[in-house]
Amino acid sequence: KTFKNNGLIYKNDELGRCYPVSECASSVLDCLKKGLQYTHILLETEVKNIVKENNRYYVEYKTGGELFDYVVCCSGSMASNLGSIKAYDYLKQLNVGISNLKASLAPVIVYEDLSLLKGVRVKCNVKLLDEQGCVCYDENGEILFKEDALSGIVVFNASSIINRKNSKYKIVLDLSCGMSEDELHSYIRDNSADVSNIFKGFLNDKLAEYILKRISINNEIKGETINKIIKEICCLSFNVKGLYPLKEAQVCSGGIKLSEINENLELNKYSNVYVAGELLDIDGISGGYNLQFAWSSAGVIANDIIRKLN
């Protein structure tokens with residue numbers, strides 16, 4: 001109701017996850033800013049430092065400062081250029097432990113040349129495999145090919161695993177659309193007379209060309225070649241090189257260590273100083289979970305402050 005009253009229109013996907021109709025995170029931010037226009041909250045105010053003075057805290061701004069009884073740190077992260085590293089700087093001055101900051105929910109860079117596929121979108125099954133061949137993540141969704149990377153929500157979700165463990169990962173796409181290997185074999189055999197048009201009506205033209213180039217097929221398709229094509233369709237694999245940087249990620253992995261806070265998200269070392277949202281070392285997959293955590297953590301903090309005031 002709050003979002004609707006402030007002009008945000010959202011939609012649910014087949015899993016019940018919520019997204020703005022615009023599919024832009026900035027729409028949510030604009031909506032929240034609109035809700036603040038009748039309050040006395042200063043926006044876009046750079047905080048330079050937080051200093052404890054007796055039982056209160058002096059918050060130093062770029063243009064001055066004020067004393068406060070309670071401080072809530074909730075300035076977000078550097079992901080998508082929506083936050084700032086300065087938030088971590090002033091918390092470091094309070095001697096608070098911070099884990100490494102890394103991109104999450106970001107396009108995955110691969111070693112293979114994807115220039116032929118740039119801009120192609122395809123719905124398929126996506127698996128993330130570690131160097132032992134174990135499946136770390138498995139989801140159906142849409143892939144967007146970039147010149148050097150794989151993108152799309154399902155890839156973003158896989159990236160949240162990639163950034164947590166140092167391993168040689170592979171992303172494997174199943175493009176079979178539920179067809180069995182026997183059905184694929186019959187389809188390819190029946191259309192093998194014209195190699196250039198073998199996948200018409202089944203795969204995107206550029207994707208078909210890419211697969212045929214990967215297995216070096218030019219003119220003739222025989223029995224063993226059909227098996228190679230089927231393998232590429234069912235297990236089109238890409239070797240992971242890394243993730244796009246934080247400025248192009250949706251969220252930041254890492255942040256204030258959870259050992260630094262109590263159950264009310266209050267710093268153990270400083271009473272009445274709280275940390276909420278993405279500043280904490282907590283992040284989830286796509287679908288509104290990170291936004292929900294920001295709001296839920298704010299609710300926990302607000303309730304604790306109200307309890308103390310009463």
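Only a predicted model underlies this, so the values are computations on that prediction, with no experimental measurement involved.
The backbone N or O of Lys206 sits less than 3.5 Å from a side-chain atom of Asn204, completing a donor-acceptor pair. The backbone N or O of Gly277 lies less than 3.5 Å from a partner atom in the side chain of Ser297, making a donor-acceptor pair. No side-chain donor-acceptor contact under 3.5 Å links Asp281 to the backbone of Lys257. Judged by distance alone, the side chain of Glu278 and the main-chain N or O of Cys252 form a donor-acceptor pair under 3.5 Å. For Glu112 (side chain) and Asn239 (main-chain N/O), a donor-acceptor pair under 3.5 Å exists by modelled atom type. Put simply, the side chain of Ser159 gets close to the backbone of Phe156: a donor and an acceptor are under 3.5 Å apart.
Atom CD1 of residue Ile305 and atom CG of residue Asn272 lie 7.5 Å apart, to the nearest 0.5 angstrom. For the atom pair OG (Ser237) and CG (Leu173), the distance works out to 8.5 Å, reported to the nearest 0.5 Å. Of the inter-residue distances, the one linking Ser151 atom OG with Glu142 atom CD reads 10.0 Å to the nearest 0.5 angstrom. Thr225 contributes atom OG1, which lies 11.0 Å from atom CD1 of Ile230 (distance to the nearest 0.5 angstrom). Distance check, rounded to the nearest 0.5 Å: OH of Tyr289 to CG of Leu105 gives 12.0 Å. Put simply, OG on Ser160 and CG on Asn290 are 9.0 Å apart, with the number rounded to the nearest 0.5 Å.
Using a 4.5 Å cut-off on side-chain heavy atoms (C-beta onward), Leu128 and Val108 make no contact. Using a 4.5 Å heavy-atom cutoff, the side chains of Glu66 and Val59 are not in contact. With a 4.5 Å cut-off on side-chain heavy atoms, Ser286 and Tyr19 count as touching. At a threshold of 4.5 Å between non-hydrogen side-chain atoms, the residues Met179 and Ser186 do not count as touching. Taking the side chain as every heavy atom from C-beta outward, Ser27 and Leu8 approach each other to under 4.5 Å. With a 4.5 Å cut-off on side-chain heavy atoms, Asn6 and Leu32 do not count as touching. Proximity of Asp148 to Lys146: side-chain heavy atoms (C-beta onward) are separated by under 4.5 Å at one or more points. Here the side chains of Leu150 and Phe145 are in contact, with some heavy-atom distance below 4.5 Å.
Taken together through direct or relayed side-chain contacts under 4.5 Å among Ile, Leu, Val, Met, Phe, Trp and Tyr, Ile215 and Leu114 form part of one hydrophobic cluster. Linking ILVMFWY side-chain heavy atoms closer than 4.5 Å, directly or via other members, places Ile226 and Ile233 in a single hydrophobic cluster. There is no path of hydrophobic side-chain contacts, each under 4.5 Å, that joins Leu67 to Val71. By the criterion of side-chain heavy atoms lying less than 4.5 angstrom apart, applied directly or through intervening Ile, Leu, Val, Met, Phe, Trp or Tyr residues, Val72 is grouped together with Phe68 in one hydrophobic cluster. Tracing side-chain contacts under 4.5 Å through hydrophobic residues (I, L, V, M, F, W, Y), one reaches Ile301 starting from Tyr90; they form part of the same cluster.
Across all non-hydrogen atoms, the minimal contact from Glu139 to Asn157 is OE1-ND2, 3.1 Å. In terms of heavy atoms, Leu175 sits closest to Phe202 at O-CZ, 3.8 Å. Between Leu243 and Ala103, the shortest heavy-atom distance links the atoms CD1-O, 3.5 Å. What you find for Asp174 and Ser176 is that their closest heavy atoms are OD1-OG, 2.7 Å. Shown here for Cys136 and Ile161, the closest heavy-atom pair between the two residues is O-CD1, 3.4 Å. Contact record, Ser99 with Gly254: OG-CA, 3.4 Å, taken as the closest heavy-atom pair.
Only one option out of Leu129, Asn125, Leu236, Val135 pairs with Val172 in a side-chain contact (heavy atoms from CB on, under 4.5 Å); it is Leu129. Checking each of Lys52, Arg56, Lys308 against Asp69 for a salt bridge (charged side-chain N to carboxylate O under 4.0 Å, His left out) leaves exactly one that passes, namely Arg56.
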Could you walk me through whether Asn140 and Val154 pass side-chain contact (heavy atoms from CB on, under 4.5 Å), step by step?
CA-CA 7 Å; Asn140 295 325; Val154 62; over 6 Å; no

side-chain contact (heavy atoms from CB on, under 4.5 Å) for Ile162 and Tyr137? Distances and angles first, verdict last.
CA-CA 10 Å; Ile162 293 170; Tyr137 194 77; over 6 Å; no

Would Lys269 and Leu94 count as a side-chain contact (heavy atoms from CB on, under 4.5 Å) here? Give the steps.
CA-CA 9 Å; Lys269 297 174 183 174; Leu94 295 175; over 6 Å; no

Check the pair Tyr88 / Val96 against side-chain contact (heavy atoms from CB on, under 4.5 Å), numbers first and verdict last.
CA-CA 9 Å; Tyr88 301 103; Val96 175; over 6 Å; no

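In this structure, Arg164 pairs ionically with Asp283, as a charged nitrogen and a carboxylate oxygen lie closer than 4.0 Å. Under the 4.0 Å criterion applied to side-chain N and carboxylate O atoms, Arg307 and Asp304 are assigned as salt-bridge partners. No salt bridge links Lys228 with Glu232; every basic N to acidic carboxylate O contact stays at or beyond 4.0 Å. With respect to Lys48 and Glu60, no salt bridge is recorded, no charged nitrogen being found less than 4.0 Å from a carboxylate O.
For Glu181, the CD atom counts as loosely surrounded, since its 6.0 Å shell holds 12 or fewer non-hydrogen atoms of other residues, nucleotides or ligands. Other residues, nucleotides and ligands place more than 12 heavy atoms under 6.0 Å from the CD atom of Glu131. With a 6.0 Å radius and a threshold of 12 heavy atoms from other residues, nucleotides or ligands, Tyr270 has its OH atom above the threshold. Counting non-hydrogen atoms of neighbouring residues, nucleotides and ligands closer than 6.0 angstrom, the NZ atom of Lys241 reaches no more than 12 such neighbours. In this structure, Asn55 places its CG atom where only 12 or fewer heavy-atom neighbours from other residues, nucleotides or ligands lie under 6.0 Å away.
Looking only at atom types and distance, the side chain of Glu260 has no donor-acceptor partner in the side chain of Asn268 under 3.5 Å away. For Asp113 and Ser115, the side-chain atoms include at least one donor-acceptor pair closer than 3.5 Å.
By the ring pair (Phe, Tyr, Trp, His ring centres under 6.0 Å) test, Phe3 pairs with Trp295, sequence neighbours left out.
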